[in-house]
2 protein chains.
Amino acid sequence: MLRLSKLTDYATVILSFMAKDTTAFHTAIEIASATGIALPTVSKILKLLVPARVLVSTRGAKGGYALADTPDRITVAAVISALEGPIALTECSISHQGCEQASGCGIRGNWGVINQAIQDALESVTLADMIKPAMAPEEILIPVASLYR
Amino acid sequence: MLRLSKLTDYATVILSFMAKDTTAFHTAIEIASATGIALPTVSKILKLLVPARVLVSTRGAKGGYALADTPDRITVAAVISALEGPIALTECSISHQGCEQASGCGIRGNWGVINQAIQDALESVTLADMIKPAMAPEEILIPVASLYR
DNA sequence: TTAAATAAGACTAAAATAGTCCTAATTAGC
DNA sequence: GCTAATTAGGACTATTTTAGTCTTATTTAA
């Protein structure tokens, strides 16, 4: 389905909650109860976002997590790659080794072009954009049905 | 990893083979031996591409599969949605029902914007583009590392 | 009538993902 | 120092998805 994992989906919910109060540190417990996502899951996601430089953390009593930057400087691309690894549609976009399609596969380079387009799209959207009021969903739903006409 | 399935990857290999001889009908056996992909797998992919209007099929002796249109009119988006369903990054982009994040999720609409951008990127690339000689891979690899700086 | 081919879908096995839990390390406050 | 609160790290299990195979039915040319 070309879809990202639930963890990434949760991550955007968590980050949009945190973006409402940029400076403060939030504990995992606080975030779990505010978002309704199970605590161990919240904790796992928060831990993944720290090495990716999306969040910063402080240990110990009065510790917690905070955004590493302002919401307009945190891109969706950064969040996705933190949770799912490099953004690349095909295996051979990451590494050219081990591709067994000896003949008939002169395609890799062109996948790269597509990957780049998607990368650009994801980098152009920031957390600040995500927390803006949503547009009417009807206007922006993808007309998938049209593909089958 | 925001990546598409192997089936879709195989599909592009199969279609690029077929695009070299647009008019002819190819049997599943012929395609399997030409591409090196296992026959049952080739067969499965070909069958998925027929209802999606990417291929047409003829049964019986002298039957086979052929492209439903010229390569420049078959988009990557059509191939992906044939094999993986609607192009939508998050569950709630497909259906707004059953989203349990009652509070804190004013995000759906904005995912739609991202989905649309990706959709556009995938629709703008056709099978004809894919079979052009690939550019040097080094030039187009996604600079993932830069996300972590 | 027979042989060659697709159609449909059930089924199995493998892999990825989600989610939970436990133990260690760190820090503020008493 | 001691204790409580909190993150860090990683092991582990269960679930779901995906890949791949197989069988039977249908269609058509010769």
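- With values rounded to the nearest 0.5 angstrom, B/D120 atom CG is found 11.0 Å from A/I118 atom CD1.
- Judged by distance alone, the side chains of A/Q119 and A/N115 never bring a donor and an acceptor atom under 3.5 Å apart.
- Note: CD1 (B/I45) to C1' (D/dA19) measures 10 Å, nearest angstrom.
- Between D/dA8 and A/S57, a contact under 4.0 Å exists linking OP1 or OP2 to a side-chain N or O.
- Over its length, the helix from C/dT1-D/dA30 to C/dC30-D/dG1 turns its helix axis by 20°, as judged from the five terminal pairs at each end, rounded to 10°.
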Per-nucleotide protein contact string for nucleotides 18-28 of chain C, where B marks a base within reach and S marks sugar-phosphate only (heavy atoms under 4.0 Å, - for neither): BBB----BBBS
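- Grouping the Ile, Leu, Val, Met, Phe, Trp and Tyr side chains by contacts below 4.5 angstrom, directly or via other members, places A/F25 apart from A/L67.
- Here the side chains of A/R73 and A/L127 are not in contact, with every heavy-atom distance at 4.5 Å or above.
- Note that CG of B/L7 is 7.0 Å distant from OG1 of B/T41, once rounded to the nearest 0.5 Å.
- With rounding to the nearest 0.5 angstrom, the CD1 atom of B/I131 is 12.0 Å from the OG1 atom of B/T12.
- Hydrophobic clustering places B/V42 together with B/V50 (ILVMFWY residues linked when any side-chain heavy atoms are closer than 4.5 Å, directly or through intermediates).
- With hydrogens and angles ignored, the 3.5 Å screen pairs no side-chain donor or acceptor of A/S43 with any backbone N or O of A/L39.
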